[in-house]
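Notes follow the structure.
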Amino acid sequence: MSVPVSVEPVSGESPAPAADGVSGYDRRAIAYLAVAHGVDDFYQAAVPALVPFFVVAHNLSYQAAAGAVLVSNLLSSLLQPFFGYWADRHRAPWLVWGGMGLAGIGVSLAVLTQSFPLALVLCGITGVGIAAFHPEASRATAQASGRRRGTGMSVFALGGNGGFALAPLAVVPLASSYGIRAVAVLIVPALAMMAFLVRNATQWQSIRVARPAAGAGEHAAEPEAWGAFARLTGAVGMRSIVFFGLNTFLPIYWATRFNLDLAAGGLALTVLLIVGVVGTLLGGRAADRFGARAVVVVCSCALGPLLWLFLQADDRLVALGLLIPLGIALSAPFSVMVVLGQQYLPRHVGTASGVTLGLAVTVGGLAAPVLGRMADEQGVAAALGVLVWTALLTAVLSLTLSPVPSARAGGPSRTVT
C-alpha cells in the first residue's frame, strides 16, 4: 500500500526549485538554513570558549565560571521543546532570524559587563535565542530534504558544527590579545545573517509542514514510538555530556598536559570540531544508506574506547592523531539522532527536533559545573576521565534502540510504502 505525502507551498509564494526532483532535495533552502545554523551555533560555542577568560576577568573558580555554560544551555534546552511544539502547529519563520540575533546580542553584551551575575543573565538570553532558532530551522530543513533527510539534516548540522569549530578559533585569540571585551565585535555575523535571511525570505520559507493525502488514515493512526524516543533522548543526553565536557575543558587539558598556552588548547579544540564537521556529513550520508539506528550504535560504541586512548596518550602528536577518530565518533551521530527522533515521532517533527536538539542537551549543561568542580579539586584529567564512563553509558542506551519501521524512514515528500 502506498500513501502519497505532499509538501505544500506557502500561499502567494513560489517554492524554491529542488535540485533533485526525484528526492525533493532543495539544495538552496538547505544551504541557507545550514549557514544560518553555523552563525547561531557560533554563539552557543562562544560561551564555553569564554570560560577561562571569565575566570580571569571576574576572579572566579572554574566551577563558578562554568555556570555561564549551565545558564545558556539550560534555557536553550528547556525552551526548545516548547518552540518545537509551536513549530509543529504554526509557521513561525521569524524564530530563525530572531533567535539568531538574540543569541549574538547576549554573547556580545556578556563580555562587556563588569558584573558576572549580569553576564550570566546575558548568557541566558543567548540560550533563549538558540532555543528559538533550532526547532523551526530543523523542521524547515526536514521538509526541504525530501527522501534524503539524513543528508539534509547532516548538512544542516554541518553548518552548526562549523560555527562551533570557528568560535574558539575567533574568541580565544581575540580575548587573549585584546581582552575579553574585544569579543563584542563578533555581533557582526549575527546582524549580517539576519539581514540576509529577511532579504531572501521566500527562498527558505516556502515549504509548509507536510500533510498526508487522502486515504492515509492507516499510517496516520500508527502509534508513535515514544518509548524508543525516550531511550534515544537518554543517549543524546549522555552524548551531550561528553561533547560539552570536551568543548569546555579540552583547551585547559591540552595546555596543562603538554605544557602549552591556552591558545594552543583552543587550536586543539578547533581541530576536534573541524573533524566533527566532516564526521557529521559522513554520518548523515551513512544514515541514508545503512539506517539512522546503525550509525548511532556504531559511533556510540566506538566513542568510549577512543576517548580512553586519547587520555592515555603522552605524546602530543599521538593525541592529535586520536582527535580525528574521536571527533568522527562524537559528531557523526549528532544529526542522525535528530533524524532518528523524527522517525520515531513522524507526526511531531518539531517536537522531536526540539527535544533531541534541546531538552536532552540540558544534561550536558548541567554537567558542566560538576565537571568544573572536579577539575578544581582533582584536576582536569580526572574530570575528562568521567566522560569515558559517560560515553560507555551512551553505547549501552544506543543498543536498546528499536529499529525504525521502513514506512517511517523516508522524508516528508516521499511516497511511504
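Bear in mind that the values here come from a model prediction, so they are computed numbers and not experimental data.
- Although no hydrogens or angles enter the test, the distance criterion places no donor-acceptor pair under 3.5 Å between the side chain of Ser300 and the main chain of Ala395.
- Going from atom CD1 of Ile30 over to atom OG1 of Thr151 covers 8.5 Å, rounded to the nearest 0.5 Å.
- At a threshold of 4.0 Å, the pair Arg257-Asp314 counts as salt-bridged, since one of the basic side-chain nitrogens sits closer than that to a carboxylate oxygen.
- The aromatic rings of Trp226 and Phe229 sit perpendicular to each other, their planes meeting at more than 60°, with 30° as the lower class boundary.
- Checked by atom type and distance alone, the side chain of Ser72 never pairs as donor or acceptor with a backbone atom of Val69 at under 3.5 Å.
- For residues 186-204, no residue pair satisfies the salt bridge (charged side-chain N to carboxylate O under 4.0 Å, His left out) rule, not counting sequence neighbours.
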Item to check | Stepwise side chain to side chain contact (heavy atoms under 4.5 Å, CB included) check, Leu311 with Val388 | outcome: CA-CA 9 Å; Leu311 293 176; Val388 175; 3.9 Å; yes

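- The number of heavy-atom neighbours closer than 6.0 Å to CG of Asn259, taken from other residues, nucleotides and ligands shown, is 12 or below.
- Dense packing is recorded around CD of Gln312, with more than 12 heavy atoms of other residues, nucleotides or ligands lying under 6.0 Å away.
- With sequence neighbours left out, the ring-ring contact (aromatic ring centres under 6.0 Å, His included) criterion links Tyr43 to no other residue.
- Every residue two or more places apart in sequence or in another chain was checked for a ring-ring contact (aromatic ring centres under 6.0 Å, His included) with Phe82, and none qualifies.
- Applying the ring-ring contact (aromatic ring centres under 6.0 Å, His included) test to Tyr178 and every residue at least two apart in sequence or in another chain returns nothing.
- At a cut-off of 3.5 Å, with distance as the only test, a side-chain donor of Gln342 or Ser353 sits close to an acceptor on the other residue.
- At distances below 3.5 Å, not a single donor-acceptor pair connects side-chain atoms of Asp41 with backbone N or O atoms of Gln44.
- Residues passing the side-chain contact (heavy atoms from CB on, under 4.5 Å) test with Arg289: none are found, sequence neighbours excluded.
- Side-chain contact check for Ser402 and Arg231: at least one donor-acceptor pair (N or O, by modelled atom type) lies under 3.5 Å.
- A distance of 8.0 Å separates OG of Ser138 from CD of Gln80, quoted to the nearest 0.5 Å.
- The closest side-chain heavy-atom distance from Leu371 to Val380 is not below 4.5 Å.
- Looking at Arg239, its side chain does come within 3.5 Å of a backbone N or O of Leu330 through a donor-acceptor pair.
- No side-chain heavy atom of Val198 sits less than 4.5 Å from a side-chain heavy atom of Trp94.
- Side-chain contact check for Cys301 versus Val297: some heavy-atom pair is nearer than 4.5 Å.
- Remark: the backbone N or O of Ala287 is not paired with any side-chain donor or acceptor of Arg293 at under 3.5 angstrom.
- Without hydrogens or angle criteria, Asp26 side chain to Ala144 main chain gives no donor-acceptor distance under 3.5 Å.
- Val111 places none of its side-chain heavy atoms less than 4.5 Å from the side chain of Phe53.
- Contact annotation: the side chain of Trp254 never approaches that of Leu269 to less than 4.5 Å [non-hydrogen atoms, C-beta and beyond].
- Not one N or O on the side chain of His37 forms a donor-acceptor pair closer than 3.5 Å with the backbone of Gly159.
- Atom CG of Asp40 is separated from atom CE of Met193 by 10.5 Å, given to the nearest 0.5 angstrom.
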Checklist entry - Does the side chain to side chain contact (heavy atoms under 4.5 Å, CB included) test come out yes or no for Met100 and Leu197, once each step is laid out? => result CA-CA 11 Å; Met100 180 198 313; Leu197 289 176; 3.6 Å; yes

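- Scanning both residues, Pro305 and Ala302, for their nearest heavy atoms gives CD-O, 3.4 Å.
- Side chain of Ser76 to backbone of Val128: no donor-acceptor contact under 3.5 angstrom is found.
- Taking the side chain as every heavy atom from C-beta outward, Val107 and Phe42 never approach each other to under 4.5 Å.
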Next on the checklist: Could you walk me through whether Met374 and Val386 satisfy the side chain to side chain contact (heavy atoms under 4.5 Å, CB included) test, starting with their C-alpha distance in whole Å, then the side-chain angles of each, then the deciding distance to 0.1 Å, before giving a yes or no?
Outcome noted: CA-CA 10 Å; Met374 182 173 292; Val386 173; 3.4 Å; yes

Checklist entry - After noting the C-alpha distance and the side-chain angles of Met153 and Phe156, does the key distance pass the side chain to side chain contact (heavy atoms under 4.5 Å, CB included) rule? => result CA-CA 5 Å; Met153 289 302 299; Phe156 176 72; 4.1 Å; yes

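- Listed by chain and number, the residues in a ring-ring contact (aromatic ring centres under 6.0 Å, His included) with Phe310 are Tyr253 (sequence neighbours excluded).
- Put simply, CG on Leu95 and CG on Leu102 are 11.0 Å apart, with the number rounded to the nearest 0.5 Å.
- How far CG of Leu250 is from CG of Leu323: 6.5 Å, rounded to the nearest 0.5 Å.
- In this structure a side-chain-to-backbone donor-acceptor pair under 3.5 Å is present from Asn200 to Phe196.
- For the atom pair CD (Gln343) and CG (Leu232), the distance works out to 10.5 Å, reported to the nearest 0.5 Å.
- Side-chain contact between Ile125 and Leu109: absent, with no pair of heavy atoms (C-beta onward) separated by less than 4.5 Å.
- Judged by distance alone, the side chain of Thr356 and the main-chain N or O of Val338 form no donor-acceptor pair under 3.5 Å.
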